[in-house]
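These notes concern the structure reproduced below.
If you read the sequence from its start, that first residue is 1, and numbering goes on from there. Numbering of ligands and ligand atoms starts at 1, following listing order. Every value quoted in this text rests on a predicted model; they were computed, and no experiment measured them. Values below: all heavy atoms of this structure, side chains included; hydrogens, waters and symmetry mates excluded.
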Amino acid sequence: MDQDGKVFRIGDYEIDIIVHGFPGKSVCHGSLGFSTIALISHKDRIALVDVGSFGQRSLLQEQLAERGLKPNDITDVLLTHSHYDHSVNWPLFRHARIAIGGAELDWSLQQPWGETVVPEFYMQELAKWPTLQKVGDGDEVFPGITAHMSPGHTPGSLVFVLDTGEGDMIFTGDACKNRAELLSRAADMTYDAAATQATIEGIWALWSARPGNILVPGHDLPMVLEDGVPRYLGTREAAIRAWYAEDLNQTTIISLLPDNEAVARSAAE
Ligand SMILES: [Zn+2]
């Protein structure tokens, strides 16, 4: 594993978390949509687990280019759920096989226009797309990756479990967005608290099944379990750049790190 908690080489797999999701929302401006995007390379296939929001579109393209990859090199897109901050860039990878929960897609198509964070028209188009794969509970969606039906955040959310042969990597999407939800067994956005609790208990069971298993939430850093306690892997990076001055070239960077992480960072520097 690299020190940033981003690149993991396990067995025949390289897992590169190209964007660490952020566990928060803005106070005055609605949702941020800073979600996790992960790249999984295995033999001649390359998958993305979630593809981010519009705001992450150029970031995603830059991150792929930095790795010498073009969108057409992606062979598989695995969507944890249909919300815009995880799904809306699928057209960039329209040549890939695009997997989403069948129940999720059906539910998404029934959502009233303009009222939810489901990107209505992107889901309508996806439903007709020739490379769409509608996934059910227990389906293998990529070599070594099994989908687990995980309702609560949305009815058809999927958790993807990658069995590398040397431990599992568990991509929870927003079935469990961050460490606070993991520890609370409750969620900030849920249509059914009991379903969310059962899903998060199921995630704990998958995670604790083998020592060293890595959990990758939809809006937080990856974590491992140590003596039953989650420990973050890597370093959180989160900041906003603002034009508060009168000069276009002068910007102010505002850290979004919690105090303890900012203190630890400056002590290490
Ligand atoms: Zn999300």
### Message
Side-chain heavy atoms nearer than 4.5 Å, only ILVMFWY residues, links allowed to pass through others: does that put Ile46 and Leu92 together?
### Response
yes

### Query
Any luck finding a side-chain donor-acceptor pair between Glu104 and Ser157 under 3.5 Å?
no

### Query
Side chains of His219 and His20: do they bring a donor and an acceptor to under 3.5 Å?
no

### Query
With a 4.0 Å cut-off, would you call Asp16 and Lys6 a salt bridge?
no

### Query
Does the ring of Tyr232 carry Arg236 above it, NZ/CZ under 6.0 angstrom from centre and within 45° of its axis?
yes

Cut-off 3.5 Å, no hydrogens considered: what does the side-chain donor-acceptor table look like for residues 141-150, sequence neighbours left out?
{"residue": "Ser150", "atom": "OG", "partner": "His148", "partner atom": "O", "Å": "2.9"}

### Message
Suppose the cut-off is 2.8 Å; how many protein N/O/S atoms fall inside it around the Zn ion (ligand 1)?
### Response
4

